[in-house]
Amino acid sequence: MSAAELQFEVERLEARYAAALDDDRLEEWPDFFTETCRYQIITRENYDKKLPVGIFFANSRGMLLDRVRSLREANIYEAQHYRHILSPTLVRWREGDTVEAETNYQVIRTTQEGAMTLFSAGRYLDRILIGGAAPLFAEKLVVCDSRRIDTLLAIPL
Amino acid sequence: MSAAELQFEVERLEARYAAALDDDRLEEWPDFFTETCRYQIITRENYDKKLPVGIFFANSRGMLLDRVRSLREANIYEAQHYRHILSPTLVRWREGDTVEAETNYQVIRTTQEGAMTLFSAGRYLDRILIGGAAPLFAEKLVVCDSRRIDTLLAIPL
Amino acid sequence: MSAAELQFEVERLEARYAAALDDDRLEEWPDFFTETCRYQIITRENYDKKLPVGIFFANSRGMLLDRVRSLREANIYEAQHYRHILSPTLVRWREGDTVEAETNYQVIRTTQEGAMTLFSAGRYLDRILIGGAAPLFAEKLVVCDSRRIDTLLAIPL
């Protein structure tokens with residue numbers, strides 16, 4: 001796979017991931033990850049200081065599924081919509097079927113009344129397994145620029 | 001055409017489209033569409049409820065040209081500038097020369113005084129004809145996340 | 001190099017450039033330019049009127065390095081973080097090893113307290129030299145949509 005083709009595969013994964021969240025297809029969210037995985041939301045401040053304290057952490061597809069169930073039960077998620085705007089991905093490293101990539105992201109939240117706000121901005125630091133039917137996230141670290149993030153509403157980013 | 005090349009062609013079309021609008025080259029806008037086409041701006045709410053009530057609708061290049069003339073006569077469009085930020089496109093489907101693709105978009109409006117606001121965010125749902133000299137939109141559905149959109153100013157999105 | 005491969009190379013340069021600035025690796029910033037170069041920040045208004053008055057101008061790597069030193073001494077830059085969101089690049093022209101490309105950009109600033117604001121939006125107009133080990137900017141014109149830009153804080157955009 002050429003560098004340009006790899007770029008295409010990785011950006012396509014990111015776009016499919018974002019579309020699933022924006023379309024409120026939360027139940028599909030865990031399927032973007034490997035069975036044993038690492039998903040973490042952390043502030044830029046803690047990430048830079050190497051403090052392991054995150055806003056949310058999961059290390060298996062099952063934990064991600066639990067999170068989806070909680071969000072559905074809390075019934076909070078439905079009151080607003082999200083829109084991801086992604087910057088082109090920067091592939092940092094590749095060895096065999098493992099790829100490391102960074103993607104700047106921005107999420108705009110729209111309430112039912114129509115108010116739009118910048119909900120979150122930051123960077124995805126991803127370790128991706130290619131070579132299967134579709135690429136999967138083995139690790140997704142969501143580094144939020146702002147420390148002000150509503151943990152109650154900590155929807156998948 | 002490989003999947004990666006198709007991606008390139010579609011993203012290039014979207015980028016040229018956005019640049020024409022941002023550069024205020026409105027007269028070129030209809031040329032991005034097939035002669036018989038479908039261009040619609042609709043809120044996410046109505047789209048999800050399958051209500052056909054849109055903010056703007058056109059089904060020919062001629063109607064798009066009429067819209068440009070109205071905007072020029074109203075002389076409203078010139079008082080501010082727009083900037084599209086697009087997320088990488090997600091190609092959903094392809095058969096022969098027809099492609100269906102989704103693109104998350106965001107439009108920032110800047111007034112002459114310099115105030116910047118998030119004017120619109122949402123998703124393009126496009127049906128694109130490839131195979132000609134340049135790809136063209138046979139259908140462009142602009143699904144706006146917010147219902148609060150100034151219909152008077154409904155500039156092309 | 002095919003058009004799709006060129007697109008990949010140019011977008012990768014833009015992504016690396018944005019990542020260096022967002023990661024506060026300012027000292028690497030001059031290395032994205034040719035030795036004799038042209039870097040200018042200008043408002044859209046002045047650009048459209050062909051007024052050569054810019055917010056910042058440099059025509060060598062050395063001047064860019066001086067700028068980095070000033071920003072480090074002023075110690076202002078560290079008080080906030082920046083996040084670039086780029087729209088897919090539009091390659092406009094290519095002849096031999098020279099490429100002209102446009103990229104819509106948006107920069108979100110996050111203060112240490114966690115407040116996020118849209119700091120700048122606009123367009124990069126780039127002349128890029130390919131053919132070397134990595135592509136380099138021979139010219140980067142940053143056209144800001146808003147005239148309201150804090151010149152004291154005029155960090156690299």
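Letters go in sequence order (proteins before strands), and every chain restarts at 1.
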>> So which residue, A/R12, A/E5, A/Q7, ends up with the most heavy-atom pairs under 4.5 Å with chain B?
In response: A/R12

>> Just so I understand: if I count every heavy-atom pair under 4.5 Å between each of A/T111, A/L118, A/D23, A/T117 and chain B, which residue has the most?
In response: A/D23

>> Check this for me, if you would: do B/E73 and B/R69 make a salt bridge, where the nitrogen-to-carboxylate-oxygen distance has to be below 4.0 angstrom?
In response: no

>> If I measure from the heavy atoms of chain B, does A/I85 come under 4.5 Å with its side chain, its backbone, both, or neither?
In response: both

> Can you tell me how far the CZ atom of B/F119 sits from the CG atom of B/L157, to the nearest 0.5 Å?
Replying inline: 6.0 Å

>> Under a 3.5 Å distance rule, please check whether B/S87 uses its side chain to pair with a backbone N or O of A/L86 as donor and acceptor.
In response: yes

> Of the listed residues (B/R123, B/R92, B/R44), which shares the most heavy-atom pairs with chain A below a 4.5 Å separation?
Replying inline: B/R44

>> Please classify the contact between A/N104 and chain B as side chain, backbone, both or neither, with a heavy-atom cut-off of under 4.5 Å.
In response: neither

>> For A/Y105, give me all partners under ring-ring contact (aromatic ring centres under 6.0 Å, His included), at least two apart in sequence or on another chain.
In response: A/Y124

>> Tell me which pairs pass salt bridge (charged side-chain N to carboxylate O under 4.0 Å, His left out) where either residue lies in residues 129-142 of chain A, with sequence neighbours left out.
In response: A/E14-A/K140, A/R38-A/E139, A/D126-A/K140, A/R127-A/E139

> What closest approach, in Å, do B/A101 and B/I128 show between heavy atoms, and which atom pair accounts for it?
Replying inline: CB-CD1, 4.5 Å

> Checking heavy atoms, do the side chain of B/Q106, its backbone, both or neither come under 4.5 Å from chain A?
Replying inline: both

>> Quick check on B/S120 against chain A: is it the side chain, the backbone, both or neither that has a heavy atom closer than 4.5 Å?
In response: backbone

